[in-house]
Amino acid sequence: MDWFIIGTAGHVDHGKTQLVKALTGQDTDRLKEEKERGISIELGFASLKLPNGKNAAIIDVPGHERFIKQMLAGVTGIDMVMLVIAADEGVMPQTREHLDIINLLQVKKGLTVITKVDLVDEEWLELVQEDVKDFVKGTILEGDPIVKVSALTNLGMDELKTEIVKISNVDEAQRGREGQLRLPVDRSFTLAGFGTVVTGTLWFGDVKVGDTVEVQPVGKKTRVRGIQVHGEARQSAHAGQRVALNLSDVEVEEVPRGSSIVHIGAFSPSHKLDAKLMLLKSVAKSLKHRQRVRVHLGTSEKLARVNLLDREELLPGDETYVQLQMEDPLIGQRGDRFVIRSYSPMHTIGGGVILEPYGTKIKRYSDAEIEILEVKEQGNPEQLIEHLLQKSADKFISLNEIANQLNLPREQVAPLVKNAADVYLFEGEGLSIAASKRSMEKWLARILQELKKFHEKYPLREGMDREEVRSRFFPKLSIKEFNLLIGRWQNEGKIVLKNAYLQLPGFTHNIGGPMAEALEKAERAFLNKDFQPPAWEEVSQNLKVNTGEKEEILRFLINQGKLIKVADGLYFHKDSIEKAKSLIIKAFSDKEFMVLSDIRDLLNSSRKYVLPLLEYLDSQKFTKRVEDKRYLAKR
Ligand code: GDP
Ligand code: MG
């Protein structure tokens, strides 16, 4: 990774902005108000080329307690944190709160900077350093370097740079960085001549100029007109970079901080998210079931109620499974870290990890529900895939959907699905979809049962119309999905597809008794009359079966190809037609053409039958009519 994102943290006035300036020469307090008041309000950005070739971006966050929201939006997605503590003041309230936050978000790397050392003497500095050591114990910063600097005299700055380089050299496997595009927006503004611009740390995936993307959770579609990475124009950007996107067809109000830029259809806003939640040890009050809190996830802040799933209150320092019931929906992924703050007064009180971004109504105090969440928390991907498939019983789930829900790259998911026990993968018809063994068994049992009933009821029919089976018994499956399913069963010999009809393997028309007699009688009636076939009504009158069975017999004779429909209400036996054809061919041996009456006499029939028969033979390209003459068609 040649990109490296550093975030600052620490109490207001402890020298964060000054330190960034000393490191980069850039002043991150850009706003007029920031200059006048000498305080950071918004996120600031500076870039720093490290001696090891990496491009570092520094996100300078405000330290004041009123701007924790901005701080949270800034530190989300960073690679490393720089906790800044002024030597003269030591650990202060927002030093604590910021450390809590980076700890809850599980920022992977970091260091502590004691700054303003020029303001204190040696003895005091030693005390502060001991204090800081104690303070970071048990947090992600325990054991990490503590560097002492003065941003005014530059004392210790070289050492700080060295430590930053060291940390940036340690490449960590970036979980799911190849996943689906997800850019939590931390700033949006209008730029003269460009229009709407959003910035953020690209969490997952790639984005290219020209991509059509979606703003979530509002679902607004927009196009990426331009991209900047760490301030330079690019054609594309990748996970782990600081990016600015110029978006078309979207107003700046439609992409406020907290929005996410994602690929179309990759995420849906969710009202219920299942999570593991920890309440900070330092909070004074326990968290009650259904307590209203602010959820900070990505760059967004949304109100929610916390449903505690196995208790009435969560005590400080404890953790448990919860469902966040959002007042406004947000988008999340399994594995997302989040922070919660109390509604009023606003304090950071806890945080945790999302286990299921698309929660459904959960029964409290249910062992089964908790077990599922445990699998989601600790389970291996195979188990999770099986679980996901169980959840989507009676339908297919696409590999893209699985990848997204598990927050794993698509390429990683495909082999997992292939190897997962009890999971069937289907590829074809432009789809990559999976179904659980249970769904498959259920579907097959259903279809076999329906076919059995059908064959019993209609022994003279070939089977059930495929599309009718789908729409009647499998309405949740698309035509393509159903075709894949039938194809698989056909290959496995579980089912037979004959023309458009589904039938049981080994199916034969099981005809006996009065039906067999009637069938034979009907066929004979046509054969006997050859070129002057009887009307069906006439034939059926003499059959000793019921009306429904009579219809079945006609349908059967047609489906079997024994009777051929020559015109409406006029059927010829197949043998009669063959006979007529050979008589006609013979007659043509010494003629170039014949007229209707010639053929009528040849077949010893009447115009009533021969006219439609000839039209049928014309349509079959056996004969050809020119005016009133018939020729033998070329073959
Ligand atoms: P921030 O709120 O943490 O960003 O703090 P600033 O960087 O804005 O600094 C607050 C004040 O401390 C400013 O007046 C700075 O000039 C001053 N300051 C910052 N770093 C140092 C330092 O190393 N030595 C001294 N003496 N003053 C500093
Ligand atoms: Mg500042």
Side-chain angles (χ1 to χ4, degrees), residues 5-48 56-76 78 80-102 107 110-129 131-132 135-136 141 145-164 186-187 199 242 348:
I5 301 177
I6 304 169
T8 63
H11 199 74
V12 64
D13 256 357
H14 275 206
K16 294 180 293 299
T17 301
Q18 192 72 45
L19 187 67
V20 173
K21 202 170 171 182
L23 277 168
T24 67
Q26 294 154 42
D27 188 355
T28 56
D29 280 349
R30 296 152 297 129
L31 303 178
K32 188 158 159 270
E33 194 187 350
E34 290 180 323
K35 295 254 188 268
E36 281 171 8
R37 291 171 59 187
I39 173 180
S40 309
I41 296 168
E42 260 306 334
L43 297 174
F45 302 92
S47 54
L48 178 63
I58 304 184
I59 304 177
D60 184 28
V61 307
H64 195 280
E65 71 173 311
R66 272 181 44 213
F67 307 124
I68 290 281
K69 200 166 132 182
Q70 284 83 335
M71 182 272 177
L72 268 154
V75 295
T76 196
I78 61 172
M80 170 192 158
V81 67
M82 205 157 60
L83 180 65
V84 178
I85 302 173
D88 56 342
E89 283 195 334
V91 172
M92 293 290 280
Q94 268 62 57
T95 324
R96 287 179 200 286
E97 189 165 14
H98 284 194
L99 182 59
D100 281 337
I101 287 169
I102 57 185
V107 175
L111 50 72
T112 308
V113 183
I114 299 176
T115 186
K116 303 197 192 185
V117 297
D118 56 290
L119 293 183
V120 299
D121 60 26
E122 207 44 46
E123 213 175 319
W124 179 260
L125 188 57
E126 217 142 277
L127 281 174
V128 172
Q129 190 172 348
D131 215 27
V132 168
F135 170 63
V136 299
L141 290 180
I146 298 173
V147 189
K148 291 164 280 186
V149 306
S150 164
L152 283 198
T153 68
N154 267 336
L155 187 91
M157 289 305 293
D158 285 339
E159 195 196 334
L160 176 59
K161 280 182 197 167
T162 309
E163 292 297 346
I164 291 175
D186 54 29
R187 275 187 314 165
T199 70
R242 275 299 304 172
T348 300

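Atom set for the values below is all heavy atoms of this structure, side chains included, hydrogens, waters and symmetry mates excluded. Order of appearance sets the numbers: ligands from 1, and atoms from 1 within every ligand.
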Audit row: I78, I6, side-chain contact (heavy atoms from CB on, under 4.5 Å) steps and yes/no: CA-CA 6 Å; I78 61 172; I6 304 169; over 6 Å; no
Derivation of the side-chain contact (heavy atoms from CB on, under 4.5 Å) call for Q129 and I114: CA-CA 8 Å; Q129 190 172 348; I114 299 176; 4.2 Å; yes
Derivation of the salt bridge (Lys or Arg N to Asp or Glu O under 4.0 Å) call for D29 and K16: CA-CA 11 Å; D29 280 349; K16 294 180 293 299; over 6 Å; no
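Here the protein heavy atom with the shortest distance to atom 5 (O) of ligand 1 is G15 N, 3.0 Å. Scanning all protein heavy atoms for the shortest distance to atom 26 (N) of ligand 1 gives D118 OD2, 2.8 Å. Of all protein heavy atoms, the one lying nearest to atom 11 (C) of ligand 1 is K116 NZ, 3.9 Å. Here the heavy atom of the protein found nearest to atom 23 (O) of ligand 1 is A151 N, 2.8 Å. Annotation: atom 16 (O) of ligand 1 to nearest protein heavy atom, Q18 OE1, 3.3 Å. For atom 10 (C) of ligand 1, the closest non-hydrogen atom on the protein side is D13 OD1, 3.3 Å.
Other residues, nucleotides and ligands place more than 12 heavy atoms under 6.0 Å from the CG atom of D121.
When only interatomic distances are considered, the shortest N/O to N/O separation between D29 and ligand 1 does not fall below 3.5 Å.
Using a 4.0 Å cut-off to heavy atoms of T115, the atoms of ligand 1 that qualify are 23 (O). Near S150, meaning under 4.0 Å from any of its heavy atoms, are these atoms of ligand 1: 23 (O).
Between the side chains of D60 and T8, at least one donor N or O sits under 3.5 Å from an acceptor N or O. A donor and an acceptor atom, one from each side chain of T348 and D100, are nowhere located under 3.5 Å apart. For the residue pair E97 / Q94, a side-chain donor-acceptor distance below 3.5 Å is found, with atom types taken as modelled.
Around the Mg ion (ligand 2), the protein atoms of type N, O or S that sit closer than 2.8 Å are T17 OG1, S40 OG.
When heavy-atom distances to ligand 1 are checked against a 4.0 Å cut-off, L119 comes that close only through its side chain, counted from C-beta outward.
Not a single protein heavy atom sits closer than 4.0 Å to atom 14 (O) of ligand 1.
Closest of all the heavy-atom pairs between M82 and L19 is CE-CD2, 4.0 Å.
K148 places no side-chain N or O within 3.5 Å of a backbone atom of G156 that could act as its donor or acceptor partner. Side chain of Q26 to backbone of V20: no donor-acceptor contact under 3.5 angstrom is found. The backbone N or O of A9 sits nowhere less than 3.5 Å from a side-chain atom of H98 that would complete a donor-acceptor pair.
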